[in-house]
Amino acid sequence: MMLPRNTLESARQWDGRDMLGEYRQQFLIPKVKETEIIYFTGNSLGLQPKDAGATLERELEDWGRFGVEGHFHARHPWFSYHERLTDGAATIVGARREEVVMMNQLTSNLHFLLVSFYRPHGKRVKILTEHRPFPSDTYALASHIRFHGLDPKQHLVEVQPREGEHTLRTEDILAKIEELGDELALVLFGGVQYYTGQFFDIAAIAEKTHAVGAHAGFDLAHAAGNVPLRLHDWQVDFACWCTYKYLNSGPGSVGGAFIHERHLKSDLPRFAGWWGHDKKTRFLMGPEFNPMPTAEGWQVSNAPVLNMAIHFLSLTQFVNAGMERLREKSLLLTGYAEAVIKEVGAKHGVNLEIITPADPAQRGCQLSVIAHGKGKLLYDRLTQEYVSVDWRAPNVIRLAPVPMYNSFEDVYRFGQALEKCLGGKMNAGNGDRRIMTGE
Ligand SMILES: *Cc1c(COP(=O)(O)O)cnc(C)c1O
């Protein structure tokens with residue numbers, strides 16, 4: 001892969017040729033003392049699109065103008081508001097329209113989907129997940145196992161990395177599925193692992209899971225808007241994601257859910273609510289639940305329109321930019337960041353170990369770095385240089401140059417900051433996050 005040379009001039013040339021370069025102008029980049037920070041934490045909270053305010057304003061106007069009548073008379077009636085998001089969401093995750101719905105939030109959606117897809121019976125009781133999943137997922141999975149009167153210590157199984165390795169080999173994941181065989185009820189994996197940044201082979205995992213007679217679900221918190229996905233073709237049973245990370249839809253914004261077509265008309269149990277009821281007869285307020293024959297049938301509550309308005313804006317940006325083009329740029333930005341980290345580490349004799357897979361097909365834009373002997377100190381120093389990366393216990397610095405608004409110059413400037421941190425004294429850091437808020 002051709003990458004920029006590590007000079008300001010070269011980085012700027014690459015930005016000049018970047019077909020997605022204009023998107024950066026559509027976002028508010030946080031500043032400290034008039035300097036734009038290097039924002040590599042879009043994997044945690046995506047930046048605000050400049051149009052978010054005006055978008056919200058329009059919804060508030062309609063609420064002010066129509067009151068309850070806005071359900072049917074707002075510019076985008078609230079009754080069917082979530083339908084605005086369906087096409088964009090389906091495009092991002094590679095699904096058919098009827099397979100996706102935007103609703104609730106991530107962990108809530110995981111719970112609702114587990115109700116349908118984790119149904120232990122006989123000896124088929126186990127859930128297999130990746131090594132150290134995001135804690136919320138562990139809590140959710142363990143709570144469902146307990147809810148069925150079973151013991152998570154026995155039945156929640158993690159695939160372990162090999163001795164001395166940080167990420168998982170696909171062959172080991174598949175072997176573990178095979179080994180659990182008819183004791184396996186469910187495989188629930190991240191799409192992209194939040195800690196290591198590993199992009200799992202979703203299709204292979206789903207195929208093997210089905211071969212042993214279990215369901216395969218994915219938490220796409222770090223995958224949606226980061227890597228190209230084809231959930232329908234990959235035969236994934238279900239998935240859920242959030243929209244405030246790569247999808248830039250604001251803190252705590254609406255979540256997404258996918259249910260494969262083949263399950264839509266099945267008799268899977270589910271927890272019901274009025275928004276999942278057939279919309280034609282919903283307001284007849286009858287006592288019998290008659291679910292919609294699409295993923296919408298899993299909705300329980302009426303839609304958070306204000307969050308959704310911003311999500312619609314963001315989806316429009318993603319669809320216009322195109323996941324293919326975003327991915328192309330992402331491979332370059334992350335490849336460049338990887339090269340810079342290696343170069344600077346070598347120059348200063350510091351072992352900056354990137355634990356994210358080196359194979360671009362097995363990662364998204366995030367790189368997870370263990371700074372041996374420096375760790376948290378380096379993170380603190382980077383903060384003082386106005387670089388926004390994050391620290392994840394026990395010992396990783398995560399950085400995510402996102403293709404939507406990060407530039408090649410950002411990566412260059414990051415390299416300069418890293419040089420400065422490693423070149424100077426490393427005892428200055430005090431971990432004070434107020435640096436980032438200019439206080
Ligand atoms: C960010 C993240 C969450 C957060 O869950 P919320 O319900 O949105 O608070 C859960 N799981 C994973 C894998 C995540 O990365």
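Ligands are counted one by one from 1 in listed order, and the atoms in each one are counted from 1 as well.
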On the 0 to 90° scale, with breaks at 30° and 60°, tag the [X]-[Y] ring pair as parallel, tilted or perpendicular.
X: Tyr39; Y: Tyr405; answer: tilted
X: Phe189; Y: Phe200; answer: perpendicular
X: His277; Y: Phe289; answer: tilted

* Asked: Listing by chain and number, which residues have a heavy atom under 4.0 Å from ligand 1?
  ->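 Ligand 1 is contacted, at a heavy-atom distance under 4.0 Å, by Leu106, Thr107, Phe134, Asp137, Asp219, Ala221, His222, Tyr244, Lys245.
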* **Ring centroid separation Phe134 to His222 under 6.0 Å** =>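 No; His222 has its ring centre 6.0 Å or more from that of Phe134.
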* Asked: Using the benzene-type ring in the case of Trp, are the ring centres of His131 and His166 under 6.0 Å apart?
  ->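 No, the ring centres sit 6.0 Å or more apart.
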* Residue that, paired with His263, satisfies ring pair (Phe, Tyr, Trp, His ring centres under 6.0 Å) out of Phe238, Phe258, Phe117 ->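 Only one of Phe238, Phe258, Phe117 forms a ring pair (Phe, Tyr, Trp, His ring centres under 6.0 Å) with His263, namely Phe117.
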